[in-house]
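Take a look at the structure set out below.
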Protein chains: 2
Amino acid sequence: MKPYILLSNDDGYQAAGLRYLIETLKPLGHLIVVAPDGPRSGYGCKITTQNPFTLHPVSHDEGIDVYACSGSPVDCVKLAFNILLPRLGIRPSLVVSGINHGDNSSVNSFYSGTMGVVTEGTLQGVASIGFSLCDMSANADFSACGPYIVRIVEKVLAEGLPPFTCLNVNFPRTDGIYGCSMDCNPVAASSGKSDVAAAASAGYKGIRVCRMARSAWINEVAECHRPGSGSPYYWLTGEVKELEPEATDTDRWALYHGYVAVTPQTLDTTAYALLKDWKME
Amino acid sequence: MKPYILLSNDDGYQAAGLRYLIETLKPLGHLIVVAPDGPRSGYGCKITTQNPFTLHPVSHDEGIDVYACSGSPVDCVKLAFNILLPRLGIRPSLVVSGINHGDNSSVNSFYSGTMGVVTEGTLQGVASIGFSLCDMSANADFSACGPYIVRIVEKVLAEGLPPFTCLNVNFPRTDGIYGCSMDCNPVAASSGKSDVAAAASAGYKGIRVCRMARSAWINEVAECHRPGSGSPYYWLTGEVKELEPEATDTDRWALYHGYVAVTPQTLDTTAYALLKDWKME
């Protein structure tokens, strides 16, 4: 019997990345989609506490039910596990989020609604995977991702994941341009991006299971002024600064070198080293 | 010279917990407050990507500037570090968030805007601490927290924290009632809460430096129906289920037994055990 797989994302149920994910996973399981009714990028693990939210069925094609929720990505997962799936008598084997339009590697993971879905799926006790492509454009090219998604999902369906643990999978662009800014790609900067572009033209180089790189956002806030009154308002923006560009075991290294980056993440954020050392009383 | 300390929260600049924090920390440093202009509970690490946001000075009492921001708790910190503090020529020594009206121990930490501030402060490279009291009411009694906050802040100002590491500090209520639901307090359940109440009447028992407990929320979504049309809508709600109630080294154990729970948290969420074991290709 085919497993049930819950899908969600943070770009909304109409996003191209989610449509691609549905097509890719259709042969592997019974899919149920509960996704936001519009863009929720940067929502992290936000939950809606101040107001109620709604859920509407939006399509039923080839046995795949798609629901749109007015809440956050995490709200979608909570609604699915607490209301929708119990009524259908379903306990999913897997939660899959994405494919996000944009990079969720390194510290981006904290702000990511895509990874909010994955965190919540993990908290619900189900193996959960987030997929993201380092291209924010609405018509991003997901076509090289499919075979890797199938392999990773089949492995997790077969083997599971330990409790409180999930996967954050990021794909570089296939044109050799990494993420939102060429300037932060040390490979492209040093090589005129020929190496990466050459590798990319033949698809991804393979998979790297890797740790989260330490990086920082800089120049994050732009000040604008309202015409007339001149009162200031602010937009988030910014560039990535790599804090350990030499490390070869990170998600960023993998992405800069044309690999699919698979980062196993834990929800136990206890800093065990400091826990041992930090004495009080 | 006194250090600069940036304060924020997720309950808004008018919240009693923040006012108490200001009074408590005033003797320890120059305070700058950049907080949301209203409640942002459950915002986690949300950033505002779809629209701009504003910043307004709201008060200047005894040399303490308070600014209100229309964005998320994380937006407040980004605005402070990218615009406000550089203009003032200030690099703070510490970021302090809270005191939150409500429990941010265990898995609550993921959804917490209070801890969103702390995560962002840590990403900005500054030692950051979140304080929360396990009482959601607007007129929660913070009066026992002060001496502990001073001790913890003085220690962090003196010793710093390792990079990518922060503190999540939770206070139990002083009336022996833990968190939002008595039912989930195994101590109170077994003892008729007399032990905890007795200990609490004399203030907190002390500090426990502890790991994050594993717990789950259950019955998280309530369905309501709109009068007239009958169309359903949903509110988040729920109860806590402890997944390791016997463990004595957790934040939850500390809170259930009348201690202040100090949990050192890391931002490196890589699951290193799985990273070693999870082979692909």
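Chain A is the first sequence line, chain B the second, and so forth, proteins listed ahead of strands; every chain is numbered from 1. From a predicted model like this one, the values you see are computed outputs, not experimental measurements.
Annotation: the span from A:Ile218 atom CD1 to B:Asn82 atom CG amounts to 9.5 Å, rounded to 0.5 Å. Of the inter-residue distances, the one linking A:Glu220 atom CD with B:Leu123 atom CG reads 8.5 Å to the nearest 0.5 angstrom. To the nearest 0.5 angstrom, A:Ser72 atom OG is 10.0 Å from B:Lys46 atom NZ. A distance of 8.0 Å separates CG in B:Leu84 from OH in A:Tyr234, rounded to the nearest 0.5 Å.
Side-chain contact between A:Lys155 and B:Trp278 is present, with at least one heavy-atom pair separated by less than 4.5 Å. Using a 4.5 Å heavy-atom threshold, the side chains of B:Leu236 and A:Phe53 count as touching. The closest side-chain heavy-atom distance from A:Tyr111 to B:Glu120 is below 4.5 Å. For the pair A:Pro163/B:Arg214, a side-chain contact is recorded, criterion being any heavy-atom separation below 4.5 Å from C-beta on. With a 4.5 Å cut-off on side-chain heavy atoms, B:Lys279 and A:Val209 do not count as touching.
In this structure, the portion of B:Leu167 lying under 4.5 Å from any heavy atom of chain A is its side chain and not its backbone. In this structure, chain A has a heavy atom under 4.5 Å from the side chain of B:Tyr272, while its backbone stays farther away. In this structure, chain A has heavy atoms under 4.5 Å from both the backbone and the side chain of B:Leu55. Contact annotation for B:Asp75: only side-chain heavy atoms (C-beta onward) come within less than 4.5 Å of a heavy atom of chain A. Heavy-atom distances place both the backbone and the side chain of B:Leu267 under 4.5 Å from chain A. The contact between B:Thr54 and chain A is made by backbone and side chain atoms together, counting heavy-atom distances below 4.5 Å.
With no hydrogens or angles considered, no side-chain donor-acceptor pair links A:Tyr43 and B:Gln50 at under 3.5 Å.
Between the side chain of A:Thr270 and the backbone N or O of B:Met212, at least one donor-acceptor pair lies under 3.5 Å. Under a 3.5 Å cut-off, the side chain of B:Thr49 and the backbone N or O of A:Ser41 do form a donor-acceptor pair.
Here A:Leu275 is the residue among A:Thr119, A:Leu243, A:Leu275 with the most heavy-atom pairs under 4.5 Å with chain B. Put simply, of B:Leu161, B:Val221, B:Asp268, B:Asp277, the one with the most heavy-atom pairs under 4.5 Å next to chain A is B:Val221. With chain B as partner, the option from A:Phe81, A:Phe164, A:Tyr233 having the largest number of non-hydrogen pairs under 4.5 angstrom is A:Phe164. Each of B:Ala271, B:Cys210, B:Ala222, B:Gly125 has some count of heavy-atom pairs under 4.5 Å with chain A, and the biggest count is that of B:Ala271. In terms of heavy-atom pairs under 4.5 Å with chain B, the best-connected choice from A:Thr165, A:Thr263, A:Ile83 is A:Ile83. Annotation: maximal heavy-atom pairing with chain A below 4.5 Å, among B:Cys45, B:Pro52, B:Gly44, occurs at B:Pro52. Looking only at heavy-atom pairs under 4.5 Å with chain A, the residue among B:Pro162, B:Cys224, B:Ser70, B:Gly42 that has the most is B:Gly42. Among A:His56, A:Arg40, A:Lys78, the residue with the largest count of heavy-atom pairs under 4.5 Å with chain B is A:Lys78.
With sequence neighbours left out, the side chain to side chain contact (heavy atoms under 4.5 Å, CB included) criterion links A:Ser229 to A:Arg226, A:Ser231. Residues passing the side chain to side chain contact (heavy atoms under 4.5 Å, CB included) test with B:Ser215 are B:Ser106, B:Val107, B:Val240, B:Glu242, B:Arg252, sequence neighbours excluded.
Exactly one residue among B:Ile152, B:Val260, B:Val262 makes a side chain to side chain contact (heavy atoms under 4.5 Å, CB included) with A:Met280. That residue is B:Ile152.
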